Amino acid sequence: MRQINFLIIFAMCLALVLFSLQNTEPAVIRIINGVQVQAPLAIELILAMGLGAILAWLFSIWARLQQQLDSLKSKRQIRTKEQKIEQLEQDIERYKAELEQLQLPALSASTSLTEEVAG
């Protein structure tokens, strides 16, 4: 992957150099009324491309940060749901134990009744 990135960057730089050599005529940029800058067309376009690259990089950082925040939020939700599941499983076990305790006296009473009837 590094070699592919290197080749892409190298090709872009080579294209920029060739573009700069072909576009040396001066051009005027009017920023606001009364403020203007005169520079070779290639430099102006390279600066515009650089500004665009910086903005794209900042946007990718922002998107990655949002993705990490969403991931943390999802992990937190999963953790709370797992805790809730564990608590509910403990409740089920407790209810089963209580039910067994309630059934044992009833079961022993019914066995003694059947023994009395049979006897």
Side-chain angles (χ1 to χ4, degrees):
M1 190 66 183
R2 286 186 171 208
Q3 288 122 356
I4 294 172
N5 285 341
F6 175 76
L7 287 175
I8 291 171
I9 291 171
F10 180 76
M12 293 283 290
C13 289
L14 184 62
L16 264 159
V17 167
L18 293 175
F19 178 78
S20 298
L21 292 174
Q22 295 295 320
N23 295 293
T24 57
E25 58 273 352
V28 176
I29 296 178
R30 289 182 181 81
I31 299 171
I32 54 174
N33 286 339
V35 178
Q36 58 185 9
V37 178
Q38 184 173 0
L41 179 63
I43 291 181
E44 293 173 0
L45 291 175
I46 289 171
L47 287 175
M49 283 182 16
L51 181 62
I54 289 171
L55 290 174
W57 177 68
L58 288 174
F59 177 74
S60 72
I61 289 175
W62 178 255
R64 195 174 315 141
L65 179 65
Q66 285 180 328
Q67 184 181 20
Q68 287 177 347
L69 289 175
D70 288 342
S71 174
L72 287 174
K73 183 180 177 183
S74 297
K75 286 180 182 178
R76 191 177 307 124
Q77 287 175 344
I78 289 171
R79 193 177 320 119
T80 57
K81 288 182 181 184
E82 285 176 348
Q83 289 172 349
K84 182 68 174 176
I85 289 170
E86 186 176 321
Q87 180 185 8
L88 291 172
E89 286 175 346
Q90 290 172 356
D91 288 345
I92 289 173
E93 292 301 319
R94 187 169 33 94
Y95 293 144
K96 282 182 182 178
E98 288 177 10
L99 186 61
E100 286 176 2
Q101 288 177 355
L102 291 174
Q103 286 178 349
L104 284 178
L107 185 61
S108 63
S110 68
T111 0
S112 63
L113 284 177
T114 55
E115 289 174 0
E116 289 175 12
V117 172

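Values below: all heavy atoms of this structure, side chains included; hydrogens, waters and symmetry mates excluded. What you see is a predicted model; the values in this text were computed from it and never measured.
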Can I get a per-line list of side-chain donor-acceptor pairs under 3.5 Å for residues 22-37, giving both atom names and the distance, sequence neighbours left out?
| unit_1 | atom_1 | unit_2 | atom_2 | d |
| --- | --- | --- | --- | --- |
| N23 | ND2 | F19 | O | 3.0 |

Using residues 50-74 as the side-chain source, report each donor-acceptor pair under 3.5 Å to any protein atom, sequence neighbours left out, with the distance given to one decimal.
| unit_1 | atom_1 | unit_2 | atom_2 | d |
| --- | --- | --- | --- | --- |
| S60 | OG | W57 | O | 2.7 |
| S74 | OG | D70 | O | 3.0 |

Atom pairs and distances, side-chain donor-acceptor, residues 79-100, under 3.5 Å, sequence neighbours left out:
| unit_1 | atom_1 | unit_2 | atom_2 | d |
| --- | --- | --- | --- | --- |
| T80 | OG1 | R76 | O | 3.3 |
| T80 | OG1 | Q77 | O | 2.8 |
| D91 | OD1 | R94 | NH2 | 2.7 |

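A42 and S20 make their closest contact through CB-CA, 3.5 Å (heavy atoms, listed as atom of the first residue, atom of the second, distance).
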